Amino acid sequence: MPELPEVETLARELRDILIGRSIVRVGVCWPRTIAAPDPETFARRLAGRRIQEIRRRGKWLLLGLDGGEWLLVHLRMSGRLAVEGADAPEDIHTRVVFHLDDGRRLRFSDPRKFGRMVLTACPEDWLGDLGPEPLAPDLTPERLVEMLRGRRVRLKVQLTDQHFLAGLGNIYADEVLWRAGLSPLRRADTLTPEEAARLLGAIREVLEEAIARQGTTLADRRYVLPDGRPGEFAAHLAVYGREGAPCPRCGASIVRARIGGRSAHFCPQCQQ
DNA sequence: CAACCGACCTGTTCGC
DNA sequence: TGCGAACAGGTCGGTT
């Protein structure tokens with residue numbers, strides 16, 4: 001499940017490969033991947049465009065093209081971007097292929113078909129009402145306290161709400177709360193300023209460490225780098241996917257519960 | 001505003 | 001062994 005660290009890693013890797021390259025031709029294998037414009041227009045308008053810059057916003061990847069338009073990509077659950085030679089093996093999950101001017105291709109595969117792409121001159125129209133970037137310096141502990149005011153939902157739900165904060169998903173929300181020593185069941189507006197500051201610190205530590213290790217590749221290998229290499233953060237997960245295993249901090253057994261319709265993993269001992 | 005549900009999807013795991 | 005049910009979860013839109 002690609003979250004902020006995975007998309008950030010992709011953006012960094014793809015910058016080295018794609019900046020300055022031109023898209024020669026686009027093949028759309030699963031039209032519903034293209035949210036806008038219609039798939040034919042999408043392919044036609046992309047042909048001949050040069051990739052000038054690559055950014056990330058929350059879990060969105062943004063490719064800036066000459067001519068002023070942006071190609072927006074959201075990987076959702078199972079989307080994957082690979083850069084490969086023309087001789088690469090077929091993949092039944094391929095949804096969109098971008099043929100590049102160096103003979104290679106950027107291939108989007110997505111077994112679950114949830115991933116979406118948009119070609120637009122105005123990305124803000126498509127990013128939704130995203131919350132602030134967790135790693136941006138202007139997100140201060142004071143501002144986080146302000147943001148939490150009146151928020152009666154449980155912390156786990158709050159952290160995965162993209163309107164509140166952009167980029168955290170199920171895995172990193174669990175890891176962040178463990179690092180901060182806060183219960184996922186805690187009501188968001190009950191945090192003291194000290195706890196909010198601790199939470200922000202944990203968010204940044206976890207995300208920065210995960211980015212440094214190039215993201216989390218689980219056994220299903222749903223996320224890998226553009227060249228197929230795995231990210232190395234999975235070995236450092238403290239709670240996610242570790243139900244019944246010992247807490248790295250206190251040794252208590254990690255618990256899995258259902259919060260807000262999805263699984264939450266936490267240590268009942270150090271996250272009271 | 002909070003909580004929940006279904007829809008979108010398919011590969012994998014689980015229980016009988 | 002084989003089958004269908006349940007599960008995995010990001011996001012949106014709808015209902016209670």
Side-chain angles (χ1 to χ4, degrees), chain A residues 1-10 28-36 39 56-62 72-81 90-96 108-118 120 123-131 133-134 146-177 184-191 207 210 215-224 234 237 239-244 254-266:
Chain A
M1 277 53 73
E3 304 178 24
L4 187 153
E6 288 74 35
V7 181
E8 178 64 28
T9 301
L10 280 180
V28 178
C29 313
W30 180 256
R32 291 172 69 175
T33 299
I34 314 302
R56 177 194 60 75
R57 175 78 173 99
K59 300 175 191 173
W60 284 90
L61 190 66
L62 297 86
L72 277 52
V73 181
H74 199 303
L75 304 169
R76 293 282 184 92
M77 303 295 302
S78 60
R80 193 153 138 174
L81 285 169
E90 298 268 307
D91 174 358
I92 58 165
H93 300 306
T94 298
R95 307 304 178 203
V96 183
F108 178 71
S109 67
D110 183 22
R112 299 281 293 277
K113 300 178 176 173
F114 283 158
R116 290 293 178 264
M117 294 187 187
V118 178
T120 177
E124 306 80 57
D125 292 349
W126 289 91
L127 295 179
D129 185 20
L130 285 181
E133 283 292 324
E146 183 63 33
M147 287 163 60
L148 288 168
R149 189 164 300 162
R151 299 283 161 177
R152 303 168 66 87
V153 290
R154 289 163 294 192
L155 266 183
K156 172 62 187 285
V157 173
Q158 191 66 75
L159 287 183
T160 52
D161 180 355
Q162 303 302 297
H163 304 291
F164 178 75
L165 205 57
L168 289 182
N170 213 36
I171 296 175
Y172 293 108
D174 283 357
E175 293 300 312
V176 160
L177 289 170
L185 295 162
R186 183 82 174 273
R187 230 177 70 177
D189 63 357
T190 65
L191 293 201
L207 291 179
T216 300
T217 297
L218 299 171
D220 58 22
R221 292 183 64 85
R222 249 206 273 257
Y223 157 78
V224 289
L237 293 173
V239 286
Y240 183 84
R242 298 192 65 246
E243 181 185 14
I254 299 300
V255 167
R256 183 160 104 145
R258 208 148 182 91
I259 302 175
R262 69 199 74 229
S263 64
H265 311 73
F266 62 100

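Quick caveat: nothing in here was measured; it's all calculated off a predicted structure. Note on naming: letters A, B, ... go to the chains in the order of the sequence lines (proteins, then strands), and numbering restarts at 1 for each one.
Proximity note for A:V153 (side chain, C-beta onward) versus B:dG11, B:dA3, B:dC9: the nearest is B:dA3. Here C:dA8 is the nucleotide among C:dT11, B:dT10, C:dA8 with the atom lying nearest to any side-chain atom of A:R258.
Among the atoms of the strands shown, none is found under 4.0 Å from any heavy atom of A:R222. When heavy atoms are screened at a 4.0 angstrom cut-off, A:Y240 is found touching the sugar-phosphate backbone but no base atom. No contact: A:R187 has no heavy atom under 4.0 Å from any strand. Among the atoms of the strands shown, none is found under 4.0 Å from any heavy atom of A:T160. A:R221 comes within 4.0 angstrom of no nucleic acid atom, judged by non-hydrogen atoms across all strands. When heavy atoms are screened at a 4.0 angstrom cut-off, A:M1 is found touching the sugar-phosphate backbone but no base atom.
The distance between atom CZ of A:F164 and atom P of B:dA2, rounded to the nearest whole Å, is 11 Å. Separating the CZ atom of A:F114 from the P atom of B:dC9 is a distance of 7 Å, rounded to the nearest angstrom. Distance A:I92 CD1 to B:dT10 C1': 10 Å, rounded to the nearest Å. Between the CG atom of A:L148 and the P atom of B:dA2 there is a distance of 12 Å, given to the nearest Å.
Remark: A:R256 is not in phosphate contact with C:dC7, judged by side-chain N or O atoms under 4.0 Å from OP1 or OP2. A:H93 has no side-chain polar atom (N or O) that falls below the 4.0 Å cut-off from OP1 or OP2 of B:dT10.
The residue among A:D220 and A:R152 whose nearest nucleotide of DNA chain B is located toward the 5' end is A:R152. Between A:G261 and A:L127, the residue anchored closer to the 5' end of DNA chain C is A:G261, taking for each the nucleotide with the nearest heavy atom. Nucleotides of DNA chain B nearest to A:R116 and A:G150 differ in position, and the one nearer the 5' end is that of A:G150.
Between A:Y223 and A:E3, the side chains place no donor N or O within less than 3.5 Å of an acceptor N or O (distance only, hydrogens not considered).
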